[in-house]
Amino acid sequence: MPPVIKLLLITATFFGLFFLPPEFIPIAGISIEQQRVLAIFIVATLLWVSEAVPAYATSLLILGMLSITVSNTSPYFLRAALDPESMLSYKEILGSLAAPVVVLFLGGFFIAIAATKYKLDINLARVLLKPIGRDYKKVMLGLMAITAFFSMFMSNTATTAMMLTLLTPLLADVDTKDNGAKAMILAVPVAANIGGIGTPIGTPPNAIAFRYLTGEHAITFGEWMLFAMPIALALIMIAWMLLRKLYPGNIKELSVNIESSFERSPKAYLVYGTIAATVTLWITSSFHGVNSYTVALLPVIVFSLSGIIDTSDIRKINWDVLWLIAGGIALGYALERSGLASAIVHTIPFDSMGTLAVLFLMAVVAMVMATFMSNTATANLLMPIAVSIATVLSGLESYGGISIMVICVALSASMGMSLPISTPPNALAHATGMVASRDFIKTGKFISTIGVVLIFAIIVMLGALGYF
């Protein structure tokens with residue numbers, strides 16, 4: 001369907017919902033504010049799923065539509081129908097562009113750009129790969145481990161691009177039509193997708209979940225890593241064995257020869273020290289009391305003042321990701337503040353389904369949605385509803401309450417990897433021309449399913465033990 005037709009249909013849907021008499025909406029007692037937020041929510045869902053416009057553009061549209069239709073700065077003719085007590089704050093809506101989670105991700109982007117600029121990433125990969133040897137199986141496992149590690153602190157898109165580049169010399173002397181070469185290519189996006197779950201900044205769904213883990217549900221950067229990294233490690237091992245099983249090849253040895261060396265300039269040493277200090281402060285935030293969001297300002301400030309990151313580098317920051325997260329935060333605020341998320345939840349008989357059944361269902365829904373659309377958009381849409389569901393599931397408290405719900409949804413969203421369009425790492429691997437769509441389906445259907453089941457089992461077990 002042409003994009004213009006999609007946009008016309010979505011626009012018609014918005015105005016239809018916006019002006020529909022409330023009694024025709026199957027949500028008991030829905031208010032004008034809730035109806036307008038519902039119209040915006042449906043439009044955002046349709047735009048993100050249809051990809052009629054860029055995902056970040058949808059987020060910016062959300063900010064504008066919320067401000068104009070349901071906030072205390074709405075035009076008088078629209079504001080007249082609103083309850084003054086229920087109007088949203090335009091400061092809260094626009095403040096999502098500078099939310100703490102956005103700053104956390106900004107710090108991660110500064111680290112990634114500086115690491116690439118001063119070749120820290122490729123040299124770390126060289127140092128870590130060198131001791132592995134030439135054995136094909138060990139090189140694949142090492143490649144996956146390094147990719148997963150970088151994805152915990154860098155954009156998984158940038159990590160995948162770098163690691164696929166490293167594969168060029170590794171596969172230079174082998175038959176690229178061999179199944180073993182195909183498995184090696186697939187190993188990179190799989191590891192990048194899995195590795196992102198290891199830290200709160202590893203992937204946007206984690207950051208979105210981290211926003212809800214405050215107050216009595218607060219989890220530090222280090223505490224997240226304590227439960228998420230073992231899950232990532234287990235999934236990397238499973239994926240490694242699965243890829244070798246699905247793609248048995250004839251390659252026995254690979255030549256690991258990466259020509260590069262660490263820079264020794266003062267600025268390079270400042271990059272190394274700042275990144276090490278930032279990661280250490282993130283991991284030890286429970287000891288010194290400085291939260292992860294504030295720590296994220298360290299590389300931003302140091303690299304800006306020192307000139308390590310200049311104007312041209314700032315233009316390379318993935319601003320679209322930051323805007324996408326901001327739009328999700330604003331939408332989540334609107335769903336919560338208007339009471340719409342709670343109203344939707346109360347229309348579904350979750351109590352009759354059982355606590356763990358609902359939790360598992362939400363995890364599966366997150367994985368399936370993320371297979372066909374951005375995992376960030378998936379988390380943006382599901383997280384406010386998941387939080388509202390958690391508040392009405394009385395049995396969930398014994399497993400950690402809201403914490404276990406948002407963590408399960410966030411981690412499961414990263415398991416949507418069964419299509420080339422599912423994640424940017426998949427798209428980059430597909431662009432090499434060495435793997436086809438059927439290969440992503442072949443591997444993803446196993447890894448995604450195993451991943452969701454493993455995540456669910458471990459998070460529930462930790463919740464029952466009182467970790468959350």
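Basis for what follows: all heavy atoms, side chains included, without hydrogens, waters or symmetry-related copies.
When side chains are defined from C-beta on, Trp282 does not count as touching Pro200, because their heavy atoms never get closer than 4.5 Å. Residues Val190 and Trp240 fail the side-chain proximity criterion, which asks for heavy atoms closer than 4.5 Å. Using a 4.5 Å cut-off on side-chain heavy atoms (C-beta onward), Phe149 and Thr159 make no contact. Looking at heavy atoms from C-beta onward, Ile447 lies out of side-chain contact with Ile238 at the 4.5 angstrom threshold. Side-chain contact between Ser448 and Met417: present, with at least one pair of heavy atoms (C-beta onward) separated by less than 4.5 Å. Here the side chains of Val300 and Phe109 are not in contact, with every heavy-atom distance at 4.5 Å or above. Using a 4.5 Å heavy-atom cutoff, the side chains of Val102 and Leu97 are not in contact. Tyr399 places none of its side-chain heavy atoms less than 4.5 Å from the side chain of Leu462.
Between Ser151 and Gly195, the shortest heavy-atom contact is CB-C, 4.1 Å. Annotation for Tyr136 and Ala183: closest pair OH-CB, 3.6 Å, computed over non-hydrogen atoms. Between Lys117 and Ile308, the shortest heavy-atom contact is NZ-O, 2.9 Å. Taking all atoms of both residues into account, the shortest heavy-atom contact from Gly416 to Thr371 is CA-OG1, 3.5 Å. When all heavy atoms are compared, the tightest approach of Ala296 to Val103 is CB-O, 3.7 Å. Minimum interatomic distance between Ala239 and Ile194 (heavy atoms only, all atoms of both residues): CB-CD1, 4.2 Å.
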Quick one: do Ser412 and Val364 satisfy side chain to side chain contact (heavy atoms under 4.5 Å, CB included)? Show the steps, please. CA-CA 7 Å; Ser412 297; Val364 171; over 6 Å; no
Passes side chain to side chain contact (heavy atoms under 4.5 Å, CB included), Ile329 versus Arg211? Steps please. CA-CA 9 Å; Ile329 292 171; Arg211 170 182 169 258; 3.5 Å; yes
Go through Ile402 and Leu213 one step at a time and tell me if the side chain to side chain contact (heavy atoms under 4.5 Å, CB included) criterion holds. CA-CA 8 Å; Ile402 291 175; Leu213 299 175; 5.6 Å; no
Checking Tyr247 against Ile185 for the side chain to side chain contact (heavy atoms under 4.5 Å, CB included) test, could you report, in this order, the C-alpha distance in whole Å, the side-chain angles of both residues, the deciding distance, and whether it holds? CA-CA 11 Å; Tyr247 296 95; Ile185 293 291; over 6 Å; no
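Applying the ring pair (Phe, Tyr, Trp, His ring centres under 6.0 Å) rule to Phe360 yields the partners Phe456; only residues at least two apart in sequence or on another chain are considered. Listed by chain and residue number, nothing satisfies the side chain to side chain donor-acceptor pair (under 3.5 Å) test with Asn179 (two or more places apart in sequence, or in another chain). When the salt bridge (Lys or Arg N to Asp or Glu O under 4.0 Å) test is applied to Lys252, no partner is found at least two apart in sequence or on another chain. Every residue meeting the salt bridge (Lys or Arg N to Asp or Glu O under 4.0 Å) condition with Asp439, not counting sequence neighbours, appears here in chain and number order: Lys182.
Note that the CD atom of Glu336 and the CG atom of Leu331 stand 10.0 Å from one another [nearest 0.5 Å]. The structure places CE of Met367 at 12.5 Å from OG of Ser414, a figure rounded to the nearest 0.5 Å. Going from atom CD1 of Ile314 over to atom CG of Leu106 covers 9.0 Å, rounded to the nearest 0.5 Å. From Met415, atom CE reaches atom OG1 of Thr449 across 11.0 Å, with rounding to the nearest 0.5 Å. The OG1 atom of Thr391 sits 9.5 Å away from the CD atom of Glu397 when rounded to the nearest 0.5 Å. To the nearest 0.5 Å, atoms CD1 (Ile219) and CE (Met225) are separated by 14.0 Å.
Heavy-atom neighbours of Asp310 CG from other residues, nucleotides or ligands within 6.0 Å: above the threshold of 12. In this structure, Met229 places its CE atom where only 12 or fewer heavy-atom neighbours from other residues, nucleotides or ligands lie under 6.0 Å away. The number of heavy-atom neighbours closer than 6.0 Å to NZ of Lys138, taken from other residues, nucleotides and ligands shown, is 12 or below.
With hydrogens and angles disregarded, no donor-acceptor distance shorter than 3.5 Å links the side chain of His430 to the backbone of Ala436. Here the side chain of Lys316 pairs no donor or acceptor atom with the backbone of Ile113 at under 3.5 angstrom. Between the side chain of Trp48 and the backbone N or O of Leu381 there is no donor-acceptor pair closer than 3.5 Å. For Thr116 (side chain) and Ala112 (main-chain N/O), a donor-acceptor pair under 3.5 Å exists by modelled atom type. In this structure a side-chain-to-backbone donor-acceptor pair under 3.5 Å is present from Ser96 to Ile93.
Counted by atom type alone, Thr423 and Asn426 present one or more donor-acceptor pairs between their side chains at under 3.5 Å. Using a 3.5 Å distance cut-off with no hydrogens or angles, the side chains of Thr203 and Asn206 do not pair a donor with an acceptor.
The aromatic rings of Phe210 and Phe221 sit perpendicular, their planes meeting at an angle over 60°, well past the 30° parallel limit.
For the pair Lys267 and Phe303, the cation-pi test (distance below 6.0 Å, angle within 45°) is failed.
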Donor-acceptor pairs under 3.5 angstrom involving side-chain atoms of residues 269-279: please list them, not counting sequence neighbours.
| residue | atom | partner | partner atom | Å |
| --- | --- | --- | --- | --- |
| Tyr272 | OH | Glu263 | N | 3.2 |
| Tyr272 | OH | Glu263 | O | 3.0 |
| Thr274 | OG1 | Leu270 | O | 2.7 |
| Thr278 | OG1 | Thr274 | O | 2.8 |

Distance-only donor-acceptor hits, side chain of residues 53-62, under 3.5 Å, sequence neighbours excluded:
| residue | atom | partner | partner atom | Å |
| --- | --- | --- | --- | --- |
| Ser59 | OG | Trp323 | O | 3.4 |
| Ser59 | OG | Leu324 | O | 3.1 |

